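These notes are about the structure you will find just below.
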Amino acid sequence: MEIFKINGQKSLSGDVTLHGAKNSALPILCASLLVKGESIIHNCPDLSDVKTTLKILEDLGCKVKRNGDTVIIDASEVTASQIDEGVMRTMRSSILFLGALVSRTGCASIYLPGGCDIGTRPVDMHIRALKSLGATITENGSSITCCADRLTGAKIILPFASVGATENIIIAAAVSKGKTTIINPAREPEICDLAEFLNKCGARIYGAGETSIEIEGVDKLIPCEHRIIPDRILASTYMSACAVTGGDIVIHDVKPTHLSPVFPVFNEMGCRLYLNRDELRIVAPKRLRRVKMIKTMPFPAFPTDSQSPVTAALTMAKGTSVIKENIFENRFRFVGQLNRFGADIAVDEQMAVINGVKLLHGADVYATDLRGGAALVIAGIAAEGETTVRSIEHIDRGYAGLENNFKQLGADIKRIEDEEISKEKDKKSIKAD
């Protein structure tokens, strides 16, 4: 197992470029299953979740090639309609294969997905939506089988603007018969990117990013070439690290409209932001100011995925900040680890009260989830002394080469093998011999 070793109290400076958005790459790769030919996807990040998705595509019969950040998926032949349980357990977004598989093969059999334990993320909206489109679904508690000769368009009203459910409906309805209307869909930029990819393939999707989406089903999709949008959550992670270390950095390949929900928070902290086309410069004060209240909500409000990195930044702000988490009930699981740095954070149900401290000290901590893991890395960079971040496989799910990019900005961070775990493995190996 690998860990991060960080020597802290480094003020970040320099330039860094965003990689493609994880939350855009995964649904687009799933949707490529509908294309009988080669989909060429550029700016595809080298993440463990992406590797898992590509493995699923290969297991289903697709041919997959990667050259740098370009991935080519040839889904001319799909030879299977079931996904391995072990693979499903590792990644939440694998549920998106349900709509894609039933549309492509007429039947899909998958297990309930896994992923970060940040709260209940039921798949009932996905199932109800596919039933509305005419699918027959059976469940046995751990697996789902979904079948339909051809899905038929319908009007679907989502009780909550779920990103995953919206994506599954868009993918499934793209090659359905008739028109599908989604009322109260998610409006995240990643939804728009998925729709743009499918439209390039010949789909007819209208209104992505708005309060309703219309999909006119087509008979088939054709191959296309597409570039994934930059990762806005990665941008907010760099911004948080810069803010708490009193840094001055330039982030390249940003889309300002995607980041507009987080800009007011960093302004309130006392950071100065300068935009120049696709570049963002953030200049932090010597010490951040507190933020009165942050409420996480679906786009275009403050994103839940940015909450953990921003929480890490606010641990050293002057005054008391309050964050209300409205999306995932377990999103504050990482706070106990963050408090080991000397942070003063109290959590009451979905509310976190952050009393800023002047100094954090190094700590030995465990990443509890993807974004919480990034928060611990940020705290380690800002803290005095040495920090060890363990269970970094969570971080690798959504950040490609995070340590190298932070090094580029002046952080003292390295990825190494955990000696204790390695010694334990060696002992077991010797005993086995």
Side-chain angles (χ1 to χ4, degrees), residues 4-18 233-252 254 259 262-263 265-274 279-291 294 306-319 321 323 334-335 337-345 354-365 367 371-389 392 395 399 401-415:
F4 285 147
K5 282 286 187 183
I6 307 168
N7 289 304
Q9 284 196 314
K10 306 295 182 183
S11 181
L12 301 187
S13 63
D15 296 58
V16 68
T17 301
L18 300 179
I233 307 304
L234 175 59
S236 66
T237 301
Y238 290 142
M239 293 172 71
S240 298
C242 176
V244 74
T245 62
D248 179 351
I249 68 171
V250 176
I251 306 173
H252 297 276
V254 302
L259 287 168
V262 306
F263 286 160
V265 169
F266 285 92
N267 284 328
E268 192 175 349
M269 287 186 201
C271 296
R272 288 173 287 150
L273 307 178
Y274 304 92
E279 294 180 358
L280 168 65
R281 181 185 177 194
I282 173 170
V283 182
K286 288 184 178 180
R287 188 179 183 190
L288 298 175
R289 299 195 297 260
R290 67 102 165 105
V291 174
I294 298 172
S306 296
Q307 179 260 104
S308 302
V310 168
T311 297
L314 289 171
T315 59
M316 292 179 65
K318 186 178 181 180
S321 304
I323 299 180
F334 73 101
V335 165
Q337 297 295 307
L338 199 53
N339 279 341
R340 298 183 71 173
F341 289 91
D344 182 2
I345 308 172
I354 307 162
N355 296 308
V357 298
K358 289 185 177 180
L359 183 68
L360 297 178
H361 54 75
D364 192 328
V365 292
R371 307 303 174 184
L376 301 181
V377 171
I378 291 169
I381 293 171
E384 179 183 51
E386 185 179 81
T387 289
T388 301
V389 181
I392 64 173
I395 298 171
Y399 296 99
L402 186 65
E403 73 279 12
N404 295 326
N405 293 324
F406 272 134
K407 279 182 188 176
Q408 189 174 318
L409 295 173
D412 185 351
I413 175 174
K414 57 185 176 181
R415 178 190 295 258

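Everything numeric in this text was worked out from a predicted model, so none of it was measured.
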Approximate separation, where rounding is to 0.5 Å, of Ile249 CD1 and Leu12 CG: 6.5 Å

Answer yes or no: is there a donor N or O on one side and an acceptor on the other, between the side chain of Thr17 and the main chain of His252, under 3.5 Å? no

According to ring pair (Phe, Tyr, Trp, His ring centres under 6.0 Å), who are the partners of Phe334, at least two apart in sequence or on a separate chain? none

Atom pair CG/CG of Leu376 and Asp364 - distance to nearest 0.5 Å: 11.0 Å

Hey, are the side chains of Phe4 and Thr387 touching, using non-hydrogen atoms and a 4.5 Å cut-off? no

Which pair of non-hydrogen atoms, one from Leu280 and one from Leu273, has the smallest distance, and what is that distance? CD1-CB, 4.1 Å

Before giving the answer on side chain to side chain contact (heavy atoms under 4.5 Å, CB included), spell out for Glu386 and Lys5 the whole-Å C-alpha distance, their side-chain angles and the decisive distance to 0.1 Å. CA-CA 7 Å; Glu386 185 179 81; Lys5 282 286 187 183; 3.5 Å; yes

Taking the side chain as every heavy atom from C-beta outward, state whether Arg287 and Lys358 have any pair of such atoms under 4.5 Å apart. yes

Steps toward side chain to side chain contact (heavy atoms under 4.5 Å, CB included) verdict (Phe341, Val357): CA-CA 10 Å; Phe341 289 91; Val357 298; over 6 Å; no

Does any non-hydrogen side-chain atom of Met269 lie less than 4.5 Å from one of Leu314? yes

Specify the closest pair of heavy atoms between Ala382 and Met316, including all atoms of both residues, with the distance to one decimal. CB-SD, 4.1 Å

Would Val250 and Tyr274 satisfy side chain to side chain contact (heavy atoms under 4.5 Å, CB included), going step by step from the backbone distance to the final call? CA-CA 9 Å; Val250 176; Tyr274 304 92; over 6 Å; no

As an exercise, state the distance from OG1 of Thr315 to CG of Asn355, rounded to the nearest 0.5 Å. 11.5 Å

Phe406/Val16 under side chain to side chain contact (heavy atoms under 4.5 Å, CB included): CA gap, chis, key distance, verdict: CA-CA 9 Å; Phe406 272 134; Val16 68; over 6 Å; no

Which of Thr311, Ile294, Val262 passes side-chain contact (heavy atoms from CB on, under 4.5 Å) with Ser306? Answer is Val262

Identify which one of Leu359, Asp412, Leu360 satisfies the side-chain contact (heavy atoms from CB on, under 4.5 Å) criterion when paired with Gln9. Leu359

Taking side chain to side chain donor-acceptor pair (under 3.5 Å) as the definition, give me every residue that meets it alongside Asn339, ordered by chain and number, with sequence neighbours left out. none

Less than 4.5 Å apart, side chain to side chain, heavy atoms only: is that true for Tyr399 and Arg371? yes

What I'd like to find out is whether the side chain of Asp15 reaches to under 4.5 Å of the side chain of Glu279, using heavy atoms alone. no

Shortest non-hydrogen pair, Gly247 vs Ser11, comes out as CA-OG, 3.6 Å

Ser13 side chain to Asp248 backbone, donor-acceptor under 3.5 Å: no

Taking the side chain as every heavy atom from C-beta outward, state whether Ile381 and Leu409 have any atom pair closer than 4.5 Å. no

With heavy-atom distances below 4.5 Å as the criterion, would you say the side chains of Asn404 and Lys407 are in contact? yes

Check: Asn405/Tyr238 side-chain N/O donor and acceptor closer than 3.5 Å: yes

For Val291, does its backbone N or O pair with a side-chain atom of Ser321 as donor and acceptor, under 3.5 Å? yes

To the nearest 0.5 angstrom, please state how far the OG1 atom of Thr237 sits from the CD1 atom of Ile395. 10.5 Å

Distance (rounded to the nearest 0.5 Å) between Ile6 CD1 and Ile413 CD1: 4.0 Å

Which heavy-atom pair separates Ile282 from Met239 by the least distance, and what is that distance? CD1-O, 3.7 Å

dist Asn267:CG -> Arg289:CZ (nearest 0.5 Å) comes out at 9.0 Å

What closest approach, in Å, do Gly270 and Pro285 show between heavy atoms, and which atom pair accounts for it? O-CD, 3.4 Å

Can you see which heavy atom on Ala383 is nearest to which on Gly362, and at what distance? CB-N, 3.9 Å

